[in-house]
There are 2 protein chains.
Amino acid sequence: MPADMQATAANDLISPDRREEVLAAAAECFMRRGYEATSMDDVADALGATKGRVYHHFRSKPELFFEVFRRAIFILIREAGVHETGPGHAADRLRRMARAHILCMMETQAFQRNLTLGVDLYRFGETSEEHKATLEDLMNLRRGYEDAFRRTFAAGAADGSMKALDPSLAMRTLLGAINWVAVWYSPRAGETRAHREKLAEEIVAQVLGGYLA
Amino acid sequence: MPADMQATAANDLISPDRREEVLAAAAECFMRRGYEATSMDDVADALGATKGRVYHHFRSKPELFFEVFRRAIFILIREAGVHETGPGHAADRLRRMARAHILCMMETQAFQRNLTLGVDLYRFGETSEEHKATLEDLMNLRRGYEDAFRRTFAAGAADGSMKALDPSLAMRTLLGAINWVAVWYSPRAGETRAHREKLAEEIVAQVLGGYLA
DNA sequence: ACGCGAACATACTCGGCAGTATGTCCTCGC
DNA sequence: GCGAGGACATACTGCCGAGTATGTTCGCGT
């Protein structure tokens, strides 16, 4: 029986970064059941494997979660954050950022949901001193990403393309509206990228209206 | 304005509803550490008591959580939902609803945060059949509350006070923005009700802009 | 002044989960 | 073709937490 399992496992996979698979499975599990409710065995089961595999790639459960968290921010920065420096008025740049952000919420939902969970862990969490430090790093990454929105709101007030609002508050209401997408969005069968882009456009249109000049 | 204020128990000093204290402590704990991470002993500790007290008032941990959830919705319906039937254009009514909703997020944060948690439990939860039924009830309550916003968006399109948008999507983006308040808001020392009302007004002003005609 | 039940506290059980220790197979460099 | 290490699986341990069983105290009606 063990020989069978290993034979099949070794057969169908060439080498698509096995560690990445564990990370994705963990993200999915954390999203579905929450961090604490997810056992390492759950993650392993989702992979058709055992704890051995998970612990081979990640030292502990918190560290596994931190990696999911870090990945979530990196995706956001790469996909949406980059649009901060781009052509056009601040309003245009903000529109592109929001659009990309929403698409991330839909397409990497499992990772993005855990980003919210991590914030709670930070605000109230009772973690060891060592973990507190890395958690602090992660929160700084997140804060940096949020700052991109803050700065763009300020730039919008400066170049006249947007109303002069409190940039921090505007950032929060905007991110609230588009972060919430990850909460209610649930992919439909046979959905294409085009569908998602259209939905993202609609959301952006509704949400951005309140900030434009 | 039916102020049926009959003299109910002139002094509640004798029994200040001990059950309510347990409920509030549970809400606080669930918010801070999450549902699974919170032990019944944690709730008891927060009260300076033991498990015995908690289990005396609530049969199990899920049922305790369900009560927190139910309370959260009732508060929202009572404070914000009632403004659906009120004077003025749909835009005016929506404004009052949003304003009250935001104030709930700030003033009953512990309960409201758990409302979000409950949705996840519903979407992915692996609960017993019995709990699934009561959870279904709670989700219907929540859906009913959301419908009030949906209907008001539709009414706004009808009476011309608001843009003609997809009411469901508009409801989601709006509720996202204002639900998010419970995520980032953290009460400051010496803060008064007036401060909160002012903040709520600012948020409403920003957020509603995109929907108005 | 007595019994009774509400409102807890105390002392257990028992299953589940993080983490570990060890074994096994397969690959790759040499 | 062989030793070493990477990539897992298997088999444990120890603890923590939900739930229970059983006191204990106090107020209340009679």
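Below, chain A is the first sequence line, B the second, and so on; all start at residue 1.
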Contact class for B:T50 (heavy atom, under 4.0 Å): base, sugar-phosphate, or nothing?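 Base contact.
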Considering non-hydrogen atoms only, spot the tightest contact between A:P187 and A:Q109 and give its length.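 The answer is CD-OE1, 4.1 Å.
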[N] [atom2] sits how many Å from [X] [atom1], rounded?
| X | N | atom1 | atom2 | result |
| --- | --- | --- | --- | --- |
| A:H56 | D:dG5 | NE2 | P | 14 Å |
| A:E36 | D:dC15 | CD | P | 19 Å |
| A:L64 | C:dG19 | CG | P | 10 Å |
| A:F58 | D:dG6 | CZ | P | 17 Å |
| A:Y55 | D:dA11 | OH | C1' | 15 Å |
| B:D41 | C:dA9 | CG | C1' | 12 Å |
| A:D45 | C:dA18 | CG | C1' | 15 Å |
| B:M40 | C:dT10 | CE | P | 17 Å |

Salt bridge check, [Y] against [X]: does any charged N sit closer than 4.0 Å to a carboxylate O?
| X | Y | value |
| --- | --- | --- |
| A:R142 | A:E146 | yes |
| B:R99 | B:E201 | yes |
| B:K132 | B:E129 | no |

Atom CD of residue position A:E130 - does it have more than 12 heavy atoms of other residues, nucleotides or ligands inside 6.0 Å?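 At most 12 heavy atoms, drawn from other residues, nucleotides or ligands, come within 6.0 Å of this atom.
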Between A:H57 and D:dG6, does any side-chain N or O lie under 4.0 Å from OP1 or OP2?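 Result: no.
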Is B:R18 close enough to C:dA7 that one of its side-chain N or O atoms is under 4.0 Å from OP1 or OP2 there?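 Answer is no, no contact under 4.0 Å.
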Hey, is the side chain of A:K61 pairing donor to acceptor with the base of C:dG19 inside 3.5 Å?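 Result: no qualifying N/O pair found.
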Checking only heavy atoms, does the side chain of A:K51 share a donor-acceptor pair with the base of C:dA18 at less than 3.5 Å?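 Answer is yes: a donor-acceptor pair is held.
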DNA chain C: A:S39 or A:G52, which has the more 5' nearest nucleotide?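 Its nearest nucleotide being more 5', the pick is A:S39.
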